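Working notes, beginning with the structure itself.
A quick note: this is a predicted structure, and the numbers were derived from the prediction, not measured. Residue numbering restarts at 1 for every chain, and letters A, B, ... go by the order of the sequence lines.
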Amino acid sequence: MKLATWNVNSVNARLPLLLEWFREAAPDVCALQEIKCIDEKFPIEAFESLGYNCAVFGQKTWNGVAILSKFPLSDVTKGLPGDDSDEQSRYIEALVEAPQPVRFVGIYLPNGNPLGTDKFAYKLRWLERLHARAAQLLTLEEATIITGDFNIIPTKADCWKESVWLDDALYQPAVRQAYQGLKNLGYTDAFDVMPPEGNRYTFWDYQAGAWQKNEGIRIDHHLLSPQAADRLNGLVIHKDTRGRTHDEAKPSDHVPVEIELA
DNA sequence: ATGTCGATACAATATCGA
C-alpha cells in the first residue's frame with residue numbers, strides 16, 4: 001500500500017503534471033497541500049476518473065488540503081481541533097478503508113516566517129494543538145499516519161547549508177523540539193527508518209537557482225504510529241518531478257514523498 | 001540584487017504569501 005504526500009502549490013495550476021504522476025506512481029492514498037482553491041473549484045472529476053475518492057478542505061487563495069484515496073474514505077475531520085477561531089484550512093483527517101485500515105492525516109503546518117511576528121506565534125500554537133491531537137490519536141491504537149508539509153527542517157543534515165536557515169522559522173530550536181516532541185509521543189519518522197539512497201531533500205525554492213544548485217531542504221514528512229511503523233517497507237522521494245514540465249504547467253517547489261506499508 | 005511562482009483585485013500592474 002503506497003501512501004504519499006505532495007505540496008502542489010495550486011492544484012489547478014499543477015493539474016496536468018499531477019495527473020501524469022498519479023497515472024505513473026499510482027499511490028493508493030495521497031495528501032495534497034496548498035491546493036489554493038475553494039472546494040467547488042477542486043478538480044474532483046479529473047481525480048475520480050483515475051479512480052480516486054476525494055476529501056477536500058479548501059480555502060480561497062491560500063492553503064487548502066485534500067486526501068485522495070483509491071479506497072473508501074470515512075470519518076473525515078476538517079480542521080485541527082483546539083481553536084475554533086482558526087480559519088485557515090491546514091488539516092484533514094480520514095479513515096482509509098483498506099483491507100488493513102489506516103487513519104490518514106494530511107497537514108499543511110504554518111510556515112511561521114518572519115520570526116518575531118504573530119505568524120511565528122501561530123506556528124508554535126498550531127504545533128501545540130497538533131501535539132495534543134497526535135496524542136489523542138495514539139490512544140486509538142490504530143495504524144495512523146500524520147503526513148504533509150510540516151515546514152520543519154528536523155536536523156542540520158536536512159538543509160543544504162545550516163547558516164542560511166538559522167534565522168528562518170523552519171529551523172528554530174522551538175520548532176525542531178516540537179517535532180521531536182511528536183516523535184517522543186511514540187511516532188516514528190519514516191525517513192529515520194528508511195532513509196533513501198542519495199537525495200533527502202523534498203523542497204527546492206523557485207528563487208535563486210536553488211534547484212539547479214541542489215540547494216534543498218527536507219520538510220515533507222511521514223510520522224507513523226507504532227501500529228503503522230510495524231508495517232513500514234519503504235520510502236521514496238520522487239525528486240524527478242521537480243524538473244518536469246508539461247505543456248504550460250511548471251513544477252511545484254515540493255516533490256511527492258511516498259511510503260510503502262505492508 | 002531573493003534572481004520565482006500563483007491567486008487576487010483589477011483591468012496592466014501591485015500586493016501578498018511562500
Inset, instruction - Rounded to whole angstrom, note down the P distance from B:dT13 over to B:dA1. - result: 27 Å

Inset, instruction - Please name the residue in the list A:Phe191, A:Tyr179, A:Tyr187, A:Phe203 that meets the ring pair (Phe, Tyr, Trp, His ring centres under 6.0 Å) test with A:His221. - result: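 For A:His221, the ring pair (Phe, Tyr, Trp, His ring centres under 6.0 Å) check succeeds only for A:Tyr179.
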
Would you mind reading off the distance between [X] atom [atom1] and [N] atom [atom2], rounded to a whole angstrom?
{"X": "A:Asp118", "N": "B:dG17", "atom1": "CG", "atom2": "C1'", "result": "13 Å"}
{"X": "A:Asn151", "N": "B:dA18", "atom1": "CG", "atom2": "P", "result": "8 Å"}
{"X": "A:Phe150", "N": "B:dA18", "atom1": "CZ", "atom2": "C1'", "result": "18 Å"}
{"X": "A:Glu34", "N": "B:dC16", "atom1": "CD", "atom2": "P", "result": "18 Å"}
{"X": "A:Asn113", "N": "B:dA18", "atom1": "CG", "atom2": "P", "result": "8 Å"}

Inset, instruction - From the options A:Ile92, A:Asn63, A:Ile35, select the one residue that forms a side-chain contact (heavy atoms from CB on, under 4.5 Å) with A:Tyr108. - result: A:Asn63

Inset, instruction - Would you kindly compare A:Cys37 and A:Asn7 by the position of their nearest DNA chain B nucleotide and give the one closer to the 5′ end? - result: A:Cys37

Inset, instruction - For A:Phe203, answer base if it contacts any base atom (sugar-phosphate contacts may also be present), sugar-phosphate if it contacts only those atoms, and nothing otherwise; contact means non-hydrogen atoms under 4.0 Å. - result: nothing

Inset, instruction - Determine the contact category for A:Arg90: base if any of its heavy atoms lies under 4.0 Å from a base atom, sugar-phosphate if only primed atoms, P, OP1 or OP2 are that close, otherwise nothing. - result: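 Sugar-phosphate only.
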
Inset, instruction - Supply the atom-to-atom distance A:Ser252 OG to A:Trp204 CH2, rounded to the nearest 0.5 angstrom. - result: 10.5 Å

Legend entry - Neighbour count >12 (heavy atoms, 6.0 Å) for atom CG, A:Asn184: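 Result for CG/A:Asn184: enclosed.
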
Legend entry - Carboxylate-amine/guanidinium contact A:Asp189 A:Arg218, below 4.0 Å: yes

Legend entry - Results of salt bridge (Lys or Arg N to Asp or Glu O under 4.0 Å) for A:Glu128 - residues two or more places apart only: none

Inset, instruction - Do nucleotides 2-7 of chain B as a string where each nucleotide becomes B, S or -: B if the base has a protein heavy atom under 4.0 Å, S if just the sugar-phosphate does, - if no protein is that close. - result: BBBSSS

